[in-house]
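Structure record follows, encoded as structure tokens.
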Amino acid sequence: GCEPFNFQLFSSSTNADTIEWTVGQIKTNNANPTFSFPFGTYDVKLKVTSEFGCKDSIIQPNFINVYKSPIADFGWQPSNPSSTNPTVYFLNLTTPQDATNQYLWKIQNDKTNDLRENIFGVEPTYTWQPFPGQSVVGDYKVTLDAYSNNNAPSGIIYECHDTITKVISIINDVLLFPNIVTPNGDGINDVLYIKNLVEGQAFPDNELSIYNRNGKRIFFKQDI
């Protein structure tokens with residue numbers, strides 16, 4: 001099984017007055033003990049004694065096989081991909097980074113539905129493509145399934161999986177500036193408004209300077 005491997009042993013011994021199990025370095029006198037073991041291979045020994053002091057024992061070498069379970073984790077660059085460049089480079093932070101690990105990335109590619117695209121690889125690159133009539137701006141779930149393949153002595157292949165899901169936000173970095181402002185109170189173009197500057201989240205550090213026709217700066221503001 002995969003670590004931590006939880007299991008129970010049962011004694012079917014006859015005429016046993018006392019019982020002693022030895023699993024790895026652990027000893028117990030419980031007839032049907034439970035264990036939780038980390039990665040490794042362990043011998044199992046059972047020794048029984050009758051009420052008259054007669055003894056018998058049996059040993060199974062390498063009987064318990066526990067396989068490594070990777071701990072999935074990842075990051076990405078840039079931290080906030082944008083609408084003009086909706087591409088991320090995944091950083092695989094899974095531990096341990098064993099060469100035999102397999103990695104399946106399930107990437108949401110439609111923000112209105114949880115549709116996923118499956119990609120295999122250690123550190124893939126992914127570019128979101130907007131659906132017709134939709135903007136690529138939004139939040140997308142990405143799930144990393146990290147797993148190891150282990151050949152058991154029985155011939156069965158054990159896959160030890162761990163998954164983690166994170167959300168990647170694609171921000172809007174397309175700024176739209178007005179070409180006219182008429183602050184006459186008619187409700188049309190009354191306010192100088194730069195679309196996507198604030199709600200797009202792409203430019204948290206910004207400066208706005210407004211000059212008159214003579215080149216004199218008449219307005220200045222930082223971090224709108």
Side-chain angles (χ1 to χ4, degrees), residues 1-16 18-49 55-77 87-110 113-128 140-168:
C2 303
E3 66 174 346
F5 182 44
N6 302 309
F7 60 95
Q8 185 173 14
L9 298 175
F10 296 91
S11 172
S12 56
S13 307
T14 56
N15 301 322
T18 61
I19 290 176
E20 182 184 84
W21 290 96
T22 304
V23 184
Q25 301 300 316
I26 297 178
K27 295 181 181 292
T28 179
N29 299 113
N30 191 328
N32 304 313
T34 58
F35 301 89
S36 181
F37 272 53
F39 167 73
T41 301
Y42 305 92
D43 300 338
V44 175
K45 181 180 179 180
L46 174 61
K47 183 172 68 174
V48 296
T49 305
K55 302 179 183 295
D56 190 25
S57 65
I58 184 173
I59 185 169
Q60 294 282 3
N62 303 326
F63 190 64
I64 303 297
N65 294 272
V66 185
Y67 303 111
K68 287 183 178 179
S69 288
I71 301 175
D73 194 13
F74 68 93
W76 60 89
Q77 290 181 341
T87 298
V88 296
Y89 304 89
F90 287 107
L91 306 174
N92 197 325
L93 305 177
T94 300
T95 55
Q97 291 189 339
D98 195 295
T100 62
N101 286 350
Q102 302 293 316
Y103 302 100
L104 170 60
W105 304 79
K106 301 178 181 180
I107 303 174
Q108 182 183 4
N109 56 9
D110 183 357
N113 295 287
D114 194 15
L115 299 177
R116 301 294 184 100
E117 184 173 349
N118 294 335
I119 296 178
F120 287 92
V122 179
E123 291 185 328
T125 299
Y126 188 79
T127 301
W128 278 267
Y140 299 86
K141 295 178 183 177
V142 177
T143 298
L144 171 59
D145 179 8
Y147 60 96
S148 61
N149 288 322
N150 306 279
N151 296 313
S154 62
I156 298 175
I157 296 178
Y158 281 89
E159 291 186 354
C160 298
H161 289 257
D162 188 42
T163 62
I164 187 172
T165 299
K166 297 186 179 183
V167 176
I168 294 179

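- Atom CG of Asn149 has more than 12 neighbouring heavy atoms from other residues, nucleotides or ligands inside a 6.0 Å radius.
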Taking it one step at a time, do Tyr140 and Trp128 satisfy ring-ring contact (aromatic ring centres under 6.0 Å, His included)? CA-CA 10 Å; Tyr140 299 86; Trp128 278 267; 5.4 Å; yes
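- Ile164 contributes atom CD1, which lies 8.0 Å from atom CG of Leu144 (distance to the nearest 0.5 angstrom).
- Between Phe37 and Phe7, the two ring planes are tilted [angle within 30° to 60°].
- The shortest non-hydrogen separation linking Glu123 to Asn92 is OE2-N, 2.9 Å.
- With values rounded to the nearest 0.5 angstrom, Phe5 atom CZ is found 9.5 Å from Tyr67 atom OH.
- Atoms OH and OG1, from Tyr147 and Thr163 in turn, are 13.0 Å apart once rounded to the nearest 0.5 Å.
- When every heavy atom of Thr94 is checked against every heavy atom of Ala72, the shortest pair comes out as OG1-CA, 3.7 Å.
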Could you give me the CA-CA distance, side-chain angles and deciding distance for Thr41 and Ile64, then say whether side-chain contact (heavy atoms from CB on, under 4.5 Å) is met? CA-CA 6 Å; Thr41 301; Ile64 303 297; over 6 Å; no
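- By the 4.5 Å heavy-atom criterion applied to side chains, Thr125 and Thr87 are counted as neighbours.
- Across all their heavy atoms, Ser11 and Asn32 have their closest contact at N-OD1, 3.2 Å.
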Where do Lys45 and Ile58 land on the side-chain contact (heavy atoms from CB on, under 4.5 Å) test, with the steps shown first? CA-CA 6 Å; Lys45 181 180 179 180; Ile58 184 173; over 6 Å; no
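- Considering only heavy atoms from C-beta on, Trp105 stays 4.5 Å or farther from Thr143 through its side chain.
- Ring geometry, Trp76 versus Phe74: the interplanar angle falls from 30° to 60°, so the pair is classed tilted.
- Annotation for Gln77: atom CD does not count as buried by contact number, only 12 or fewer foreign heavy atoms lying within 6.0 Å.
- Asn113 and Gln108 get closest at one heavy-atom pair: O-NE2, 3.0 Å.
- When side chains are defined from C-beta on, Ile19 counts as touching Leu46, because their heavy atoms get closer than 4.5 Å.
- Closest approach of Pro61 to Asp43, counting heavy atoms only: CA-OD1, 3.3 Å.
- By the 4.5 Å heavy-atom criterion applied to side chains, Phe10 and Ser12 are not counted as neighbours.
- Side-chain contact between Tyr158 and Val66: absent, with no pair of heavy atoms (C-beta onward) separated by less than 4.5 Å.
- Counting heavy atoms from C-beta outward, Thr165 and Val142 have side chains that stay 4.5 Å or more apart.
- Taking CG of Asn109 as the reference point, atom CZ of Arg116 lies at 9.5 Å (rounded to 0.5 Å).
- No more than 12 heavy atoms of other residues, nucleotides or ligands shown are found within 6.0 angstrom of CD1 on Ile71.
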Does the pair Tyr126 and Glu117 meet the rule for a side-chain hydrogen bond (donor to acceptor under 3.5 Å, both in side chains), with working shown? CA-CA 10 Å; Tyr126 188 79; Glu117 184 173 349; 2.8 Å; yes
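- The OG atom of Ser36 sits 9.5 Å away from atom CD of Glu3, with the distance rounded to the nearest 0.5 Å.
- You'll find the side chain of Pro4 stays beyond 4.5 Å of the side chain of Pro38, heavy atoms only.
- Other residues, nucleotides and ligands place no more than 12 heavy atoms under 6.0 Å from the NZ atom of Lys141.
- For the pair Asp98 and Ser148, the minimum side-chain heavy-atom distance is 4.5 Å or more.
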Checking side-chain contact (heavy atoms from CB on, under 4.5 Å) for the pair Asn30/Trp21: CA distance, chi angles, key distance, verdict? CA-CA 8 Å; Asn30 191 328; Trp21 290 96; 5.7 Å; no
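- Using modelled atom types, one finds a donor on one side chain and an acceptor on the other under 3.5 Å when comparing Asn101 with Tyr103.
- The heavy-atom pair separating Asn62 from Asn65 by the smallest distance is O-ND2, 3.3 Å.
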Given side-chain contact (heavy atoms from CB on, under 4.5 Å), test Ile119 with Ile107 step by step and report yes or no. CA-CA 8 Å; Ile119 296 178; Ile107 303 174; 3.9 Å; yes
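- Leu93 contributes atom CG, which lies 5.0 Å from atom CG of Asp73 (distance to the nearest 0.5 angstrom).
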I'd like to know whether Thr22 forms a side-chain hydrogen bond (donor to acceptor under 3.5 Å, both in side chains) with Lys27, so could you lay out the CA-CA distance, the side-chain angles of the two residues, the decisive distance to 0.1 Å, and finally the verdict. CA-CA 4 Å; Thr22 304; Lys27 295 181 181 292; 3.2 Å; yes
